[in-house]
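For reference, the structure discussed in these notes is given below.
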Amino acid sequence: MEDIQMDDEERWRDLDLLLTRPGQLVGPGFEPCPELRAFLQSPDCRVLCVGAGGLGCEILKDLALSGVVHIDVIDMDTIDVSNLNRQFLFRMKDVGQPKATVAAERINARVPGVQVIPHFSRIEDQPAEWYRSFAIIILGLDSLEARRYMNSVVCGFLEYDENGQPDLATVKPMVDGGTEGFKGHARVILPGHTPCFECTLWLFPPQTKFPLCTLAETPRSPAHCIEYAHLILWGQVRTGEEFDTDNEEHMKWVYERAAERAKQYGIHGVTFQLTQGVVKNIIPAIASTNAIISAQCVLEALKTLTCFSTGLDNYMMYVGSTGLYTHTAKYEKDPSCPVCSAGVPMEVDPDSTLQQFIDQLRSDAALGKHLSAPSVSYGAINLFAHGVFEAETAPNLTRRMADLVPDDGAVLTVNDKRLRGPMRVRARYSSSMKA
Amino acid sequence: MSPVLDALTEDHAAVYDRQLRVWGVEVQRRLIEAKVLIIGLGGLAAEIAKNIVLAGVGTVALVDDTAASSVAPGNFLVELDSATGKSVAEASAVTLQAMNPLIAVRVERGPPSASALLLPDGLQPEGGAADQVSASPVLTAAEDLRSLVSRYDTVVACGLPLREVAALDDLCRQLSKQLFAGEVRGASSFAFVDLGPRHVYTVQGDPEEKVVEYRSFRDAMKTDLKAVNKRTHPLYLALRACWEFEEAHCRSAGGPADVAEVQDVAQRLASAVPAGNTAAAMKALIPEALVEGFVLDGAAVAPGGASDLVQEAAQPLGELAPVCAVVGGVVANNVLRAVSHFNPPLRNLFCYSYLVRDGLGVEECF
């Protein structure tokens with residue numbers, strides 16, 4: 001049996017054309033040389049793919065075929081039959097297996113030389129330091145919460161120098177993709193340079209939440225009936241039982257109660273399919289959109305790693321429903337972003353109380369002269385506020401800083417009647433700061 | 001004609017759940033009835049095949065008798081370990097069928113080309129080719145291809161020389177079949193769609209049928225340059241320059257020796273465009289680096305001669321995986337629209353190069 005081999009030069013010819021030729025359309029600082037591909041394929045270039053689902057499968061394929069060798073993939077989910085219409089690495093017989101494990105196996109088997117390491121775990125269960133070991137992180141996630149988590153981890157690495165400029169050595173690039181039906185987006189996040197997630201949180205559409213009174217008293221749509229059965233009736237009738245979206249009997253129960261309610265109110269359209277969609281927050285998905293967006297993400301990752309072309313700056317949206325529309329926007333960083341902006345750095349003992357932190361501010365040589373009775377907030381949350389919310393927030397004064405603000409390197413906003421505008425303080429936890 | 005499915009089976013509903021929520025049961029049924037022929041299985045075609053197979057197109061046939069050992073590196077469907085003795089089409093079919101057991105993936109015999117349709121100089125394809133007395137090998141191969149195409153609704157052909165695209169397009173128009181052609185050459189790529197002089201479709205929420213006219217590839221390559229302006233994607237002129245080169249030399253442009261001539265043609269075309277009346281405007285219309293890349297990063301030039309040599313030399317080596325994935329996604333979406341007659345498909349040229357305008361993908365009509 002003849003071994004079918006392809007020599008390296010032949011196999012990577014197209015990649016070498018990109019990395020070893022000068023050109024007029026390359027990125028700034030591009031130096032064409034064979035060392036670039038060597039770097040891309042070396043252990044110094046580890047790429048993390050977060051998610052092994054619709055986007056993840058495509059991202060892994062594109063990375064492996066583009067010559068990247070050391071790839072890690074993390075996903076806490078197992079394979080479901082409804083994944084098979086787009087997560088092409090999986091087969092019917094894989095249903096129930098961890099996505100990360102099977103995806104890694106398939107790519108390793110198909111692309112000679114690639115080394116994909118799977119992690120069947122939640123992203124929160126990996127220490128932040130683990131994420132630091134990657135040259136670039138590509139996100140193939142399906143929820144806002146997960147993105148915000150990754151964003152806070154990656155932006156947590158960011159340090160600013162004395163001039164308020166981001167320290168380039170601490171900038172961890174991240175590429176994020178998202179899709180729904182025929183729509184999608186790809187964006188590049190360079191902490192300190194481009195906006196991070198928090199800077200542009202307003203980009204995400206508001207999550208559909210129905211007012212309880214509508215659900216309870218005046219339903220008008222099939223979704224109202226479904227959420228009534230799911231959020232109100234379940235708790236009343238099946239007390240103590242935790243609702244499980246993967247339990248078919250639970251879903252059927254909710255569907256039947258929703259249908260009864262719909263009949264009672266003369267509302268049409270409650271189907272089992274809709275019930276699943278509403279309760280599980282199902283995102284409609286097809287293969288082609290995932291292919292396009294994932295590819296765009298991998299292209300941006302390759303550009304960031306090798307500079308062979310100017311990178312996306314910084315957000316591309318794609319709409320493919322009736323024609324083809326893409327638009328690239330350069331969104332601006334929010335200078336007062338609680339996650340990625342500079343702020344005055346301060347070392348804080350994580351065990352100190354909020355009161356002690358405020359005292360630390362007031363006695364600080366540089367900052368204290370601006371403060372008489374400061375209020376402190378973290379993003380939208382008032383930690384301690386003088387005035388209307390004083391009674392409400394006073395209990396926080398005796399609480400531990402690390403409990404109130406779990407993220408190391410978080411930017412706190414300090415307001416004081418003596419200040420002209422809000423002051424931002426970046427609190428870095430350090431046990432050596434024992435009060 | 002296959003019988004109309006009364007209802008999707010439970011298996012279909014389970015696997016297709018997420019996409020049924022996108023386009024609905026009626027469109028899914030039309031996809032199941034569609035028959036698509038894919039000629040040539042390089043990286044781009046592999047992506048298109050993956051996407052339409054996953055979407056549930058009922059019959060997908062592959063034509064590529066290249067030995068699997070010579071498969072294009074971008075075709076991720078071929079499992080080299082188990083492919084000895086198989087053709088690229090056969091090896092790809094195994095993977096595609098496993099991706100979606102609910103549809104039928106077939107292999108048809110034939111090369112990844114439409115060169116059989118290119119007759120020697122002076123001979124024009126006649127309508128009554130069937131009554132040619134001498135059955136020369138060329139005409140037999142042409143008849144085979146004609147017969148093959150007639151058994152399907154839609155043809156997808158990637159990486160063919162532009163003369164072959166035109167000839168295949170002529171055939172499809174004769175037989176009232178839909179054509180999707182395209183190619184990925186390094187950073188640049190294009191896709192061309194011809195759904196015939198009268199394509200009917202409907203739009204969500206509107207029962208009234210709409211009709212749209214598509215023009216042929218030849219027309220698109222010869223149309224008045226007045227249609228080109230500053231916003232036209234530069235790849236259109238690059239493509240036309242390659243077309244003119246092929247018409248003059250009866251072979252594809254490829255390799256460093258041809259670059260200068262193609263660039264000359266591109267410059268001449270740009271200067272004939274009303275908007276290209278200054279040197280600066282011409283440069284903006286068609287960046288030199290784009291043309292050079294387009295010529296160099298495509299398939300290697302076929303030396304001509306016996307078919308084995310052609311297969312060995314003409315591997316598309318310039319396909320970058322993510323570019324194939326983007327174009328493959330766009331083409332697949334439009335194949336689905338074309339076969340389901342739902343929503344207006346791309347009309348008629350899609351150009352995408354991440355070297356141009358921040359990688360804006362542009363749809364234009366010529």
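These figures come from a predicted structure and were not determined experimentally. Just so it is clear: chains get the letters A, B, ... in the order the sequence lines come, proteins before strands, and each one is counted from 1.
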*Please name all residues satisfying ring-ring contact (aromatic ring centres under 6.0 Å, His included) with A/H185, sequence neighbours left out, ordered by chain then number.*
A/Y315
Contact summary for [X] and [Y], nearest pair of heavy atoms:
| X | Y | value |
| --- | --- | --- |
| B/R21 | A/I282 | NH2-CD1, 3.4 Å |
| A/L299 | B/L320 | CD2-CD2, 4.4 Å |
| B/N343 | A/S321 | ND2-O, 3.5 Å |
| B/V15 | A/M92 | CG2-CE, 4.0 Å |
| A/Q276 | B/D17 | OE1-OD1, 4.3 Å |
| A/A287 | B/N51 | CB-OD1, 3.8 Å |

More than 12 non-hydrogen atoms from neighbouring residues, nucleotides or ligands closer than 6.0 Å to [atom1] on [X], yes or no?
| X | atom1 | value |
| --- | --- | --- |
| B/E26 | CD | yes |
| A/K280 | NZ | yes |
| A/K330 | NZ | no |

Heavy-atom proximity to chain A below 4.5 Å, by part of [X]:
| X | value |
| --- | --- |
| B/Y352 | side chain |
| B/R347 | neither |
| B/F350 | side chain |
| B/V327 | neither |

Less than 4.5 Å apart, any side-chain heavy atom of [X] and any of [Y]?
| X | Y | answer |
| --- | --- | --- |
| A/L302 | B/P322 | yes |
| A/D62 | B/E47 | yes |
| A/E58 | B/K50 | yes |
| A/I286 | B/W23 | yes |

*Look at B/V323, B/N334, B/L102, B/V78 and state which one has the largest set of heavy-atom pairs under 4.5 Å with chain A.*
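Sorted descending by pairs with chain A, the first entry is B/V78.
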*asked:* I'd like to verify something: which residue of B/L346, B/L54, B/V203 has the highest number of heavy-atom pairs under 4.5 Å with chain A?
replied: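 Sorted descending by pairs with chain A, the first entry is B/L54.
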Atom [atom1] in [X], atom [atom2] in [Y]: separation rounded to 0.5 Å?
| X | Y | atom1 | atom2 | answer |
| --- | --- | --- | --- | --- |
| B/R18 | A/I283 | CZ | CD1 | 9.0 Å |
| B/F76 | A/R110 | CZ | CZ | 8.5 Å |
| B/N100 | A/N85 | CG | CG | 9.0 Å |

Which portion of [X] sits near chain B, non-hydrogen atoms under 4.5 angstrom:
| X | answer |
| --- | --- |
| A/T326 | both |
| A/Y318 | side chain |
| A/F308 | side chain |
| A/L18 | side chain |

*Select all residues of residues 176-184 of chain A having any heavy atom within less than 4.5 Å of some heavy atom of chain B, and report them by number, or 'none'.*
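So the qualifying residues are A/G181, A/F182.
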*asked:* For a quick check under 3.5 Å, do B/N333 and A/S288 share a side-chain donor-acceptor pair by atom type?
replied: yes
*asked:* As an exercise: rank A/M316, A/H327, A/K61 by heavy-atom pairs under 4.5 Å with chain B and give me the winner.
replied: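 It is A/K61.
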_Please determine whether side-chain contact (heavy atoms from CB on, under 4.5 Å) holds for the pair A/R86 and B/Q19, giving the CA-CA distance in whole Å, both sets of side-chain angles, and the decisive distance to 0.1 Å._
CA-CA 9 Å; A/R86 64 204 183 281; B/Q19 65 202 38; over 6 Å; no
